[in-house]
Amino acid sequence: VFAGIFGQRHAAQRRRREQRLGNMERCVRTFASKAATTSQTEDEVVVAFLKWADEIGITLSKKLVITAPDSDGSAEIGRGRRVVAAADSGGIDENELLVTLPTSATVSVELAEDSDPPSGMEGLRSWWAKHTKSSLRIAAALAWNREAFAPYFNMLPAIDEIHAPWRWADHELEILSPAMATKSKARRAAVEAACNDLDAEGLSDKVPKDLFLQAHHAATSRAFTGEGPDGILPLIGGGGLLAAVGVATVLGAIDVQDGLLAGSVGLVACGTLGVISSKKQILSLLPVVDQVNHANGPPPRLVIDPIAKCWELRSERRYEPGEEIVFSYGDKDSDLLLLQHGFVEADNSVDTLELPIPFDDLSSDTRATLEDEGVGMVRFRRGGAADLVTAQSETAEPDLVTAKGLREVARSALRAELDASWDEDAAKQTIKSSARAKLALAWKCERQRLAQEAAKYWKL
């Protein structure tokens, strides 16, 4: 009797697995006709990834398909594959379950600088103590586990497909603003130092450089931050809702400008926020969930079953058949999107433009006030309104200067920006990579959009 029961159970399990594998293949085939550039090799990469995900307990809704990247236009550079509502799905309703992900299928590290390497990676202890930036640590942890996560690595952008400016040469960075060039060089220096120390400590075989670079880009562009008891589970609130920020560094968890981890992490709750004692801040890579691309709007609706230790991604709105599933990586302007993710969003509603203040053009009173308070930049929001910014990138008190003084600052900074020359042909000659040249042009166009809005606002 027991043999018969177990035989029926195994047969049922086999049928369910076959159905899931059939769904995986459909996830690739459904949009094959729309993705003309997708090769059979890339199809096989996606099928292998979905099969691996299934084997480690990750489930993807049958209504979803993973398609090849959309290569049309500079806005699509750096965005990678797309997760789309299948043409025959009937659409996806709000709060519908999209992905289920056990915590055992993630890669996580604690954000605390004095934290130890994850279990089984004690060989990284010395290197870990030197490199306290969480994006570097989680990159090393992922590369260390490269065999277990091989199909996931194959879904990440290859080295030559990473277009974030920390990969650019110094002469290419001259196309960007001085602030962007400085931040990019700081990121590059931190990554190079980490790679050199891995090699010096004889760890390059455990953490290969190319895989480390891939993993680092994944960490800065795809990882999630959250909190949990003992660093295992994200912070849980009422109804088991996860409190998490969008993608890594959304509120400064990884500070590129300073090259150091911020002292605290802001959390955006996707539900009621609960308080847990002995909680630790963590940074996690979430396979399959992190295949979803960014669009300005609501953050991901992530929930967690604290008993099953399983993450769930749910739709935050209705999606029609053929529509791409997206969520916000956070309120990021063009500088931050390019710096961390390697793409630029056109007509970004939360975009800002920071410009240096030309002190020589200011009245003596305004200049003295700004210098005393350490204010050196002015930040323009969409529509043109402006805020003064300190050397610590903090917004100055609104009454620091009079309305007349702020007008003087804004107009002076805008004149300098609008008078600056931009030679598109020279930029293309400077940046040999077509993708990087398109990104630089897209970034510049967004700056011009904000400058023109501000010029109208301040009646220049």
Side-chain angles (χ1 to χ4, degrees), residues 20 24 27 49-64 66 83 92-111 118 134 138 141-142 145 148-149 151-152 155-156 215 218-219 221-250 253 265 267-274 276 279-294 298-317 319 325-330:
R20 288 198 297 268
M24 293 173 197
C27 281
F49 172 67
L50 292 173
K51 182 178 180 180
W52 167 80
D54 179 69
E55 290 173 348
I56 62 175
I58 305 174
T59 58
L60 181 71
S61 169
K62 293 181 180 180
K63 292 186 177 183
L64 297 179
I66 297 179
V83 178
I92 295 173
D93 293 326
E94 182 181 352
N95 204 40
E96 192 164 337
L97 181 61
L98 304 179
V99 179
T100 304
L101 176 72
T103 56
S104 59
T106 69
V107 177
S108 300
V109 298
E110 294 180 25
L111 292 176
S134 55
I138 200 170
L142 180 58
N145 289 297
F149 284 85
Y152 176 69
M155 292 288 285
L156 298 178
S221 62
R222 297 169 181 247
F224 292 75
T225 57
E227 293 189 359
D230 301 322
I232 298 174
L233 292 177
L235 181 61
I236 302 167
L241 294 174
L242 165 69
V245 295
V247 175
T249 74
V250 63
V265 180
L267 294 175
V268 178
C270 300
T272 305
L273 186 64
I276 299 177
K279 58 183 179 287
K280 297 180 181 179
Q281 297 169 341
I282 60 173
L283 182 70
S284 298
L285 285 166
L286 310 182
V288 179
V289 172
D290 62 16
Q291 294 298 311
V292 178
N293 283 325
H294 165 81
R301 183 173 290 180
L302 285 169
V303 299
I304 191 165
D305 182 339
I307 305 300
K309 295 185 179 181
C310 196
W311 299 54
E312 292 180 352
L313 174 66
R314 294 182 175 272
S315 53
E316 84 290 346
R317 63 173 178 83
Y319 286 92
I325 311 301
V326 294
F327 54 62
S328 173
Y329 292 180

Can you pull out every salt bridge (charged side-chain N to carboxylate O under 4.0 Å, His left out) where at least one residue sits in residues 95-107? Sequence neighbours excluded, please. K63-E96
Exercise: identify the closest heavy-atom pair between V326 and Y319: O-OH, 2.9 Å
Could you list the residues that satisfy side chain to side chain contact (heavy atoms under 4.5 Å, CB included) with P102, not counting sequence neighbours? I58, S104, A105, C310
Ignoring hydrogens and angles, state whether a donor on the side chain of Y152 or D290 is under 3.5 Å from an acceptor on the partner side chain. yes
Taking all heavy atoms of V109 and all of S134, pick out the closest pair and write down the distance. CG2-O, 4.1 Å
Given V289, V288, L286, the one that forms side chain to side chain contact (heavy atoms under 4.5 Å, CB included) with W311: L286
Measure across T106 and L101 and return the closest heavy-atom pair with its distance rounded to 0.1 Å. CG2-CD2, 3.7 Å
From R317 atom CZ to D93 atom CG, the distance as rounded to the nearest 0.5 Å: 12.0 Å
Verdict with reasoning, Q291 to V99, per side chain to side chain contact (heavy atoms under 4.5 Å, CB included): CA-CA 11 Å; Q291 294 298 311; V99 179; over 6 Å; no
Residue set satisfying salt bridge (Lys or Arg N to Asp or Glu O under 4.0 Å) with E312, at least two apart, ordered chain then number -> R314
Taking the side chain from T100 and the backbone from T59, do they hold a donor-acceptor pair closer than 3.5 Å? no
Within the 4.5 Å heavy-atom criterion, are I138 and L285 side-chain neighbours or not? yes
I need the I66 CD1 to M155 CE distance, nearest 0.5 Å. 4.5 Å
Closest non-hydrogen atom pair, E94 against R301: OE2-NH2, 3.6 Å
Mind checking ring pair (Phe, Tyr, Trp, His ring centres under 6.0 Å) for F149 and listing every partner two or more places apart, or none if nothing turns up? W52
Got a sec, which residues hit side chain to side chain donor-acceptor pair (under 3.5 Å) with S315, two or more places apart in sequence or on another chain? none
So CD of E110 and OG of S284: to nearest 0.5 Å the spacing works out to 10.5 Å
